[in-house]
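Here's the structure, in structure tokens; my notes come after.
If you're wondering where the values come from, they're calculated on a predicted model, not measured in any experiment.
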Amino acid sequence: MAFLNFNKSELVNLAYSLKREIICAGRTGAYCNTSIVTCNTRRYHGLLAVTLDRFNGDRYMMLSAVDESIILNGKHFNLGIHCYGDIYEPRGHKYVVDFSYDPEPVITYKVGEVVFRKSLILVPDSDQVLIRYELLESPAPVTLLLKPFLAFRSVHDLTRENPEADTSYSEVAGGVSFRMYPAFPDLYLQLSDRNAEWKYEPCWNKNVTYSDEYRRGFDCTEDLFTPGVFSLRLSKGASVVLSASLSEADPSKLKRRFTSIAAKIPEVTGYHDQLKCCADWLITRHNGVAMVNAGLSWLKTGLLRETLIALPGLALYGAGKPALFEEILDNLIAAEQERLNIRTTQVEAPLYLACTLQAYIDYGADPAKVWKKYGPTVKMVLDSYLPGRRREVAMHPNGLLWAQLDGVALTWMNAYIEGRAVTERAGYQIETNAFWYNAISFALDMESRYGLKDSSFVSRWAPVCEQVRRSFRETFWDEDSRRLADYVDAGGRNMDTRPNQLFAVWVKNSPLEEEIIPEVLKVVDAELVTARGIRTLSPRDPKYKGVYEGSQLERDLAYHQGCTRPFLLEPYIDLSFRVKGPSFTKRAEWLIEGFWADLSKHGVGAFSELYDGDPPHEPHGTISSALSTAALLSVTAMIEKNREL
């Protein structure tokens, strides 16, 4: 990925390198995530994490790390690096002279006259990571030592020395296999060099410290099992491939397999190519079931809200595959019947289905076929919001939806501190009711055009739609301040300036008159728009937190109280193009330029979940976000469309 640039002189500076992370994902749900010097700083870091059905489809870290050492003329050089408290040992990062991502992560070390290169590939369709080691320059043959660090634990947890762990191994072709606990699968470690030797030296490597977890006030230390060491001789120009996998590999084919997979990785020549690459990472096909991964490396796969919002961007503007869009949506609907029709703590999410289908039709789908297939689901969702159907939300006599469960945050702004919601927003929420009106209007229009002629749906729901429209402005619009309320509860209008008001004028069927759109944009432009997305709260608000740092409490206070969200650029830019036309193109380009500049930090080549509300808007959150990636894909498509007008 030649267009990604790194400060080579800073690679040995841990303050620089530990903040930049490698992230690779496969279609099976496996991932590889570590820093660019392969020092793990999070519990989620490791060389091979896999999705295990036997543990309810959660991800488990199998191989945490591999330490490489070179012996030349009797001198031992350890290229690994781990943190223990505030001490880094060994300090192999001092030998790093280059890092690139072209097309796979490649780290180059220089030890005197020895130049040594390490490349990593996560096999796309298998729970397998391949690491290729090449001796590029050396005055004499070297001995290469490889020490694996085994975890065998959930990616969300940490492990300790356990006397019940099975620390034995089994010999397999070209290597060894381990199963530390009976319920786990085997982990196979194999080398392409048949002359490699294995020396069993079982040991628990204690108190490995994850600096990012420490900084956030979390449990941050664990013990990792090191079963032994592989050793082999390498001459100048030679290479060897290490495979870590849940299935036994053929050692004689490992080099060829590495080369073949590397050759098939799409060439990245620009930012749009990288967006499409990230979109591919975020779509899994575990056991043949296509789903959206909400974010690497710790968010879940198949989440309702995240999938509905991200699906058009990932499957249509990223992959360009309408069939994939429908496959993922079908799987989501089948898996989320309870949230769609019975109960959910994401009250607006089921209603977003209409927006997702509208985006599909805009992309070019046949509206008659879309309604025939998905109309029954949309109508069932609407019915579920009628009085007496759901405990957490229901339609009031004025047609609006009132959402409330004491102490529960029922919208996407759902951070908690010690079990208490930071932004509960109980009552009439503006975005929930905007999606409600849009979904009813969409269903009425589609049913009128493509539904059954004797359908009673239109006659039943048309009065509701009109009632919602009449109530919406009366409830949310504050004439004195010329602003929309964020939500309305028993105490009246809450006038916090948040981005939720965007949705009220962005949805295709807005319950508000066009004259209000410029008023909303004026507020959003003045207080929420930044060079890295839309703020979640105005800086003029006393609750505003402009930096996402510090303890868990401090970060949760900032999460929806000032941090920006790149995914909110999609409705904002779409709405701005509708109002201002192609003249908004330059501004739209500026609003996404900063994300390209950030590709060489945080998640290398990936698009982060959130940014600080204050300049310089540093990235945070999940390393590769489905919402951010999808939004940027959709926005780039908007820009190209308007550039051609």
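Ring planes of Y95 and F77: perpendicular class, angle over 60° (limits at 30 and 60°). Taking the six-membered ring where the residue is Trp, Y352 and W506 present parallel rings, their angle staying beneath 30° rather than reaching 60°.
Of the candidates L332, L304, L308, L353 forms a side-chain contact (heavy atoms from CB on, under 4.5 Å) with just one, namely L308. Residue V635 is tested with L275, L591, I573 for a side-chain contact (heavy atoms from CB on, under 4.5 Å); the sole match is I573. For the side-chain contact (heavy atoms from CB on, under 4.5 Å) criterion with H286, the lone passing option out of V50, D127, D53 is D53. Among I328, I309, I283, the one residue that satisfies the side-chain contact (heavy atoms from CB on, under 4.5 Å) test with L314 is I283. When L242, T108, T38 are each tested for a side-chain contact (heavy atoms from CB on, under 4.5 Å) with K118, only one passes: T38.
By the 4.0 Å N-to-carboxylate-O rule, D574 lies close enough to R578 to be salt-bridged with it. Under 4.0 Å is where a charged nitrogen must lie from a carboxylate oxygen, and between K300 and E306 no such pair does.
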Determine whether K8 and D98 satisfy the following criterion, salt bridge (Lys or Arg N to Asp or Glu O under 4.0 Å), listing intermediate values before the conclusion.
CA-CA 6 Å; K8 301 299 194 297; D98 193 18; 3.5 Å; yes

D157 and Y60: side-chain hydrogen bond (donor to acceptor under 3.5 Å, both in side chains), yes or no, with the steps?
CA-CA 9 Å; D157 299 326; Y60 281 76; over 6 Å; no

Carefully, step by step, assess E618 and K601 under the rule salt bridge (Lys or Arg N to Asp or Glu O under 4.0 Å).
CA-CA 10 Å; E618 289 299 314; K601 62 181 182 180; 3.4 Å; yes

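Between the side chain of S628 and the backbone N or O of P566, no donor-acceptor pair lies under 3.5 Å. In terms of modelled atom types and a separation under 3.5 Å, the side chain of R532 and the main chain of D612 share no donor-acceptor contact. Side-chain atoms of R305 never come within 3.5 Å of backbone atoms of A349 as a donor-acceptor pair (strictly under, hydrogens ignored). Using a distance-only test at 3.5 Å, with no hydrogens or angles considered, no donor-acceptor pair links the side chain of K276 to the main chain of C278. Side-chain N or O atoms of D212 include none that pairs as donor or acceptor with a backbone N or O of R42 at under 3.5 Å. Side-chain atoms of Q190 never come within 3.5 Å of backbone atoms of E248 as a donor-acceptor pair (strictly under, hydrogens ignored). Put simply, the side chain of N40 gets close to the backbone of S64: a donor and an acceptor are under 3.5 Å apart. Using modelled atom types, one side-chain atom of S245 and one backbone atom of S247 make a donor-acceptor pair closer than 3.5 Å. Using a distance-only test at 3.5 Å, with no hydrogens or angles considered, no donor-acceptor pair links the side chain of H620 to the main chain of Y611. No donor-acceptor pair closer than 3.5 Å links the side chain of Y88 to the backbone N or O of L14.
Between R132 and T259 the shortest side-chain heavy-atom distance falls below 4.5 Å. The side-chain heavy atoms of R43 and W298, taken from C-beta on, include no pair separated by under 4.5 Å. Residues I592 and W596 form a side-chain contact, since some pair of their non-hydrogen atoms from C-beta on lies under 4.5 Å apart. When side chains are defined from C-beta on, E104 does not count as touching L122, because their heavy atoms never get closer than 4.5 Å. Counting only heavy atoms from C-beta outward, the side chains of Y188 and Q128 never approach each other to under 4.5 Å. Residues I36 and Y101 form no side-chain contact, since every pair of their non-hydrogen atoms from C-beta on lies 4.5 Å or further apart. The shortest distance between side-chain heavy atoms of V123 and R257 falls below 4.5 Å. The closest side-chain heavy-atom distance from E134 to S119 is below 4.5 Å.
To the nearest 0.5 angstrom, S154 atom OG is 10.0 Å from L52 atom CG. Here CG of L296 is found 8.5 Å from CG of L299. Values are rounded to the nearest 0.5 Å. From I22, atom CD1 reaches atom OG1 of T34 across 6.0 Å, with rounding to the nearest 0.5 Å.
Both tests hold for R565 against Y559: distance to the six-membered ring centre under 6.0 Å, angle to the ring axis within 45°.
Remark: aromatic rings of F149 and H82 are close, center separation under 6.0 Å. Ring-centre distance between F567 and W412: below the 6.0 Å cut-off. Centroid-to-centroid, the aromatic rings of Y317 and Y363 come within less than 6.0 Å.
When all heavy atoms of L610 and C563 are compared, the closest pair comes out as CD1-SG, 4.0 Å. Across all their heavy atoms, L191 and L254 have their closest contact at C-CD1, 3.9 Å. Residues E213 and C220 approach most closely at CB-CB, 3.7 Å, considering heavy atoms.
A donor and an acceptor atom, one from each side chain of N293 and T284, are nowhere located under 3.5 Å apart. The closest side-chain donor-acceptor pair between H617 and D598, if any, does not fall under 3.5 angstrom. D614 and Y548 form no side-chain donor-acceptor contact under 3.5 Å, judged by distance and modelled atom types alone.
For K19, the NZ atom is loosely surrounded, since the number of other residues' heavy atoms within 6.0 Å does not exceed 12.
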